Engineer: 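Sharing a structure below in structure tokens format, with a few things to ask.
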There are 2 protein chains.
Amino acid sequence: MALAHAILASLIDRPCSGYDLAKEFDGSVGFFWQATHQQIYRELSKLEAQGWVISKTISQSKRPDKKLYQVTELGKQQLKEWIAQPCEPAPIKDDLLVKIFGGYAASREVILEELERHRQAHLERLSTYKALEQKYFQKPQELSEQAKFQFLTLLNGISYETHWLAWCQQAIKLLS
Amino acid sequence: MALAHAILASLIDRPCSGYDLAKEFDGSVGFFWQATHQQIYRELSKLEAQGWVISKTISQSKRPDKKLYQVTELGKQQLKEWIAQPCEPAPIKDDLLVKIFGGYAASREVILEELERHRQAHLERLSTYKALEQKYFQKPQELSEQAKFQFLTLLNGISYETHWLAWCQQAIKLLS
DNA sequence: GGGCACATGTAACGGGTTACATGATTAA
DNA sequence: TTAATCATGTAACCCGTTACATGTGCCC
């Protein structure tokens, strides 16, 4: 149920509408947890029914009304408890590796093309992440507590993309 | 629909029962794609209905009967086509990163404990993978075509675990 | 006039998870 | 005698995906 807790963690920063949350899950939070707006609206309804968040409807003149969600004390406690519960590392689950595994059923050329496409994609993500690092996290020792945690998720992304990039290159080399 | 194709790829090696497949998805294939026996039986029924695999029932005296599944020509073609279709890199989706993201809502100690647990887990997986590398893939240049592809999935696992291990250490350092 | 940003939803479907169910053989 | 291995399945539920639905204001 990490979606619920990812929403709680996002809402603690500042009250948000479902729409705002969907944008976050499309950007920063989306680096490590993805969700569509439909999932978010569904989850918010559930969270409100459980009393983990409450909403206020804000009337707007020039835009549609919106519901601002806020985390309740109960919600904060639930988040804290969830964080304290041990969890297992997420297993890898990647289409490309299934393709490699079945690779000798296809032509070498096709596999190499796909590997090259992925290499390119990982390279692009990596440079996006590095740009963010440059922009927001130049001096790691001087970051606020909150920023340190965000920085760590970004570092994970950088490390992850670096790993994939290196593996793609290795794979291309071995198969060429 | 990578599950269907992961099953096809496994079955091309040798005909298998659902039970056999479930064991593979718990071991080697499970390094990059996981599935329970229920998923596998469900998927096999679908694959047979589509004509991608066919089954023979084998009567056994001292064990329950079993169904051996084999890939059809249509199935092979479908696998080949699926491999040729470009796919996107799998996004990260990891509970631990959600915890880190919401980390300032919990106590530092709890977070550090969890990071240490994960560091340990990744270390163990890494050494499992390295042992497999030692055992089966000592001379990469001399591997059969088929073995090369398997080797690459293992290399990916090694690279992945190395990345996580390094990140956990970095995170522990930054938060200590 | 077209398209994007804002804003929230319903409905249907498919894949993944968990629990339940059965029943023989073999090794500790 | 207890547990593990072999072997296949049903049922219910939850989560994720995709399509559909609505409607205003603003900028080009």
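Sequence lines set the chain letters: A, B, ... in the order given, protein chains first and strands last, and positions in each chain run from 1. Treat the numbers as computed from the prediction; the structure is a model and nothing was measured.
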Engineer: For residues 97-108 of chain A, dump all side-chain donor-acceptor pairs below 3.5 Å to protein atoms at least two apart in sequence or in another chain.
Structural biologist:
from	atom 1	to	atom 2	distance (Å)
A/K99	NZ	A/E114	OE2	3.2
A/K99	NZ	B/I83	O	3.4
A/K99	NZ	B/Q85	O	2.4
A/Y104	OH	B/D13	OD1	2.4
A/S107	OG	A/V110	N	3.3
A/R108	NH1	A/L175	O	3.0
A/R108	NH2	B/E145	OE1	2.0

Engineer: If you measure from the Lys or Arg side-chain nitrogens to the Asp or Glu carboxylate oxygens, is any gap between A/E24 and A/R14 under 4.0 Å?
Structural biologist: yes
Engineer: In this structure, are over 12 heavy atoms from other groups packed under 6.0 Å from B/K130 atom NZ?
Structural biologist: no
Engineer: Using whole Å, report how far CZ of B/R63 lies from C1' of C/dT25.
Structural biologist: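 These atoms are roughly 6 Å apart.
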Engineer: For B/F149, what residues pass the ring pair (Phe, Tyr, Trp, His ring centres under 6.0 Å) criterion, not counting sequence neighbours?
Structural biologist: none
Engineer: Starting at atom CD of A/E88, determine the distance to atom P of C/dT17, rounded to an integer number of angstrom.
Structural biologist: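 In whole Å, C/dT17 P and A/E88 CD are 14 Å from each other.
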Engineer: May I have the distance from B/Y41 (atom OH) to C/dG16 (atom C1'), rounded to whole angstrom?
Structural biologist: 17 Å
Engineer: Enumerate, atom names and distances included, each donor-acceptor pair closer than 3.5 Å involving a side-chain atom of residues 132-144 of chain B, sequence neighbours excluded.
Structural biologist:
from	atom 1	to	atom 2	distance (Å)
B/Q138	NE2	B/Q134	O	3.0
B/S144	OG	B/A147	N	3.1

Engineer: Report the residue (A/S61 or A/H37) whose heavy-atom-nearest nucleotide on DNA chain D is the more 5′ of the two.
Structural biologist: A/H37
Engineer: Report the residue (A/K62 or A/Q38) whose heavy-atom-nearest nucleotide on DNA chain D is the more 5′ of the two.
Structural biologist: A/Q38
Engineer: Reading DNA chain D from 5' to 3', where do the contacts with chain A start and stop? Cut-off is 4.0 Å to heavy atoms.
Structural biologist: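 Under 4.0 Å from chain A, the extent on DNA chain D is D/dC15 to D/dC26.
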Engineer: Does the side chain of B/R117 come within less than 4.5 Å of A/C87's, by heavy atoms?
Structural biologist: no
Engineer: Do any N or O atoms of the protein come closer than 3.5 Å to N or O atoms of nucleotides 12-15 of chain C, and which pairs are they?
Structural biologist:
from	atom 1	to	atom 2	distance (Å)
C/dG15	OP2	B/K46	NZ	2.8

Engineer: What pairs with A/D65 under side chain to side chain contact (heavy atoms under 4.5 Å, CB included), at least two apart in sequence or on another chain?
Structural biologist: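 Result, side chain to side chain contact (heavy atoms under 4.5 Å, CB included) vs A/D65: A/T57, A/S59.
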Engineer: Rounded to the nearest 0.5 Å, what separation is found between the CG atom of A/L115 and the CD atom of A/Q170?
Structural biologist: 11.5 Å
Engineer: In this structure, how many angstroms lie between the C1' atom of C/dT22 and the OH atom of B/Y19, rounded?
Structural biologist: 14 Å
Engineer: A/K67 has an atom NZ; how far is it from atom C1' of C/dC6, in whole Å?
Structural biologist: 16 Å
Engineer: Indicate, with a heavy-atom threshold strictly under 4.0 Å, whether B/Q60 touches base, sugar-phosphate, or nothing.
Structural biologist: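 If one applies the 4.0 Å heavy-atom cut-off, B/Q60 turns out to touch the sugar-phosphate alone, with no base involved.
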Engineer: Answer with yes or no whether the side chains of B/S17 and B/D20 bring together a donor and an acceptor at under 3.5 Å.
Structural biologist: yes
